[in-house]
Amino acid sequence: MPKKIAVFVGSLRKESYNRKMAKALPALAPESLKLEIIEIGGLPLYDQDLDDEGSPPAAWTAFREKIKPFDGILFVTPEYNRSVPGVLKNAIDVGSRPYGQSVWAGKPGAVMTVSPGAIGGFGANHHLRQSLVFLDVPAMQQPEAYIGGAGQLFDANGNVTNDSTRRFLKNFMDAFAAWVERNSVKNH
Ligand SMILES: Cc1cc2nc3c(=O)[nH]c(=O)nc-3n(C[C@H](O)[C@H](O)[C@H](O)COP(=O)(O)O)c2cc1C
């Protein structure tokens with residue numbers, strides 16, 4: 001059985017490079033991984049009162065239930081002001097609560113940042129990793145994926161045009177498949 005991977009894109013932009021990347025990854029991933037993009041743009045901003053009062057928005061509950069059966073998680077995100085875009089941080093916060101019922105704990109994960117800039121979203125990548133430590137998500141260490149120059153990466157159909165980048169991405173997904181396999185013990 002392939003491992004089911006929930007993919008979270010940290011941009012809501014129609015022409016998002018990160019979404020293009022997330023859509024290009026299944027073709028570059030081994031057959032042992034089945035990737036599915038989970039939409040996060042419709043999640044109301046996290047407000048702990050709603051959980052404490054036992055009346056969480058339906059969108060939060062549906063999101064939490066949706067994530068639970070996945071075997072692993074993959075973040076593909078831009079960097080906003082050297083950190084994680086609010087929309088992605090909100091999704092992470094929603095999934096992490098109510099306290100003790102986090103949907104993230106124990107799921108093997110990986111982080112890829114994609115930016116038109118040269119630094120490739122390094123700041124966001126590492127801010128996100130900081131949250132993953134607290135969330136008990138074993139995050140793949142190597143290879144790191146800071147993808148810069150995103151403006152030149154895709155053709156009109158969203159294919160990754162550059163051979164060396166395609167090789168890198170394939171290698172990243174192979175390593176992630178092995179990482180998920182190795183860290184699957186705590187999966188639900
Ligand atoms: C609010 C905001 C902050 C940004 N901050 C950064 C940044 O810190 N580093 C960076 O490389 N790009 C930054 N950018 C540029 C984004 O990398 C660029 O808009 C990119 O295309 C966003 O990813 P997307 O194409 O997936 O939407 C920022 C963009 C916005 C809208």
Side-chain angles (χ1 to χ4, degrees), residues 4-29 33-47 59 63 66-67 70 72-96 104 107-135 137 139-173 175-176 179:
K4 285 178 60 192
I5 307 299
V7 181
F8 302 92
V9 177
S11 170
L12 303 180
R13 202 168 71 86
K14 279 197 293 293
E15 292 299 318
S16 161
Y17 297 125
N18 283 275
R19 184 168 288 266
K20 284 181 185 171
M21 178 60 82
K23 286 183 171 171
L25 287 176
L28 298 161
L33 294 183
K34 189 169 180 298
L35 275 54
E36 182 184 339
I37 295 177
I38 307 293
E39 298 302 338
I40 58 175
L43 292 173
L45 285 178
Y46 187 70
D47 175 351
F63 178 75
K66 176 128 198 161
I67 306 306
F70 279 89
I73 53 182
L74 173 61
F75 297 95
V76 185
T77 183
E79 174 176 87
Y80 276 7
N81 300 311
R82 295 283 181 259
S83 188
V84 180
V87 67
L88 180 56
K89 184 60 165 56
N90 184 54
I92 290 169
D93 294 341
V94 167
S96 72
W104 309 118
K107 288 196 197 306
V111 178
M112 178 180 294
T113 44
V114 180
S115 170
I119 307 174
F122 175 88
N125 194 302
H126 282 263
H127 273 186
L128 181 48
R129 286 172 182 274
Q130 179 168 319
S131 293
L132 297 182
V133 171
F134 182 68
L135 294 170
V137 169
M140 184 169 74
Q141 306 297 306
Q142 292 291 334
E144 299 154 272
Y146 317 109
I147 313 289
Q152 285 74 50
L153 215 54
F154 302 97
D155 68 15
N157 297 319
N159 300 306
V160 178
T161 51
N162 179 317
D163 275 348
S164 72
T165 305
R166 288 175 62 82
R167 273 198 303 279
F168 171 81
L169 294 169
K170 218 174 162 311
N171 185 37
F172 181 90
M173 294 310 293
F176 184 44
W179 181 256

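Indexing begins at 1, ligand by ligand and atom by atom, following the structure's order. Fair warning: this is a prediction, and the values are worked out from it, not measured in the lab.
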Check ligand 1 against the protein and report each N/O to N/O distance under 3.5 Å, formatted as atom name, atom name, distance.
from	atom 1	to	atom 2	distance (Å)
ligand 1	5 (N)	E79	O	3.3
ligand 1	5 (N)	N81	N	2.8
ligand 1	8 (O)	E79	OE1	3.3
ligand 1	8 (O)	N81	N	3.0
ligand 1	8 (O)	R82	N	2.7
ligand 1	8 (O)	R82	NH1	3.4
ligand 1	9 (N)	E79	OE1	2.6
ligand 1	9 (N)	R82	NH1	3.1
ligand 1	11 (O)	S115	OG	2.7
ligand 1	23 (O)	N18	ND2	3.4
ligand 1	25 (O)	R13	NE	3.3
ligand 1	25 (O)	R13	NH2	2.7
ligand 1	25 (O)	Y17	N	2.9
ligand 1	26 (O)	S16	OG	2.6
ligand 1	26 (O)	Y17	N	3.3
ligand 1	26 (O)	N18	N	3.0
ligand 1	26 (O)	N18	ND2	2.8
ligand 1	27 (O)	S11	OG	2.7
ligand 1	27 (O)	R13	NE	2.9

- According to the salt bridge (charged side-chain N to carboxylate O under 4.0 Å, His left out) rule, which pairs have a member within residues 73-87, sequence neighbours left out?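 Residue pairs passing salt bridge (charged side-chain N to carboxylate O under 4.0 Å, His left out), neighbours aside: E79-R82.
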- May I ask you to decide whether D93 forms a salt bridge with K89, counting only side-chain N to carboxylate O separations under 4.0 Å? yes
- Item | Polar side-chain atom of Q152 near backbone of A150 as donor-acceptor pair, under 3.5 Å |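 Such a contact is absent between Q152 side chain and A150 backbone.
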- Test ring-ring contact (aromatic ring centres under 6.0 Å, His included) applied to F176 - qualifying residues, sequence neighbours left out: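 F176: no ring-ring contact (aromatic ring centres under 6.0 Å, His included) contacts found.
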- In chain order, what residues pass the ring-ring contact (aromatic ring centres under 6.0 Å, His included) check against H126, with sequence neighbours excluded?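 H126 satisfies ring-ring contact (aromatic ring centres under 6.0 Å, His included) with F122, Y146 only.
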- Query: Knowing that exactly one of F8, F70, F134 qualifies, which makes a ring-ring contact (aromatic ring centres under 6.0 Å, His included) with W104?
  - Reply: F8
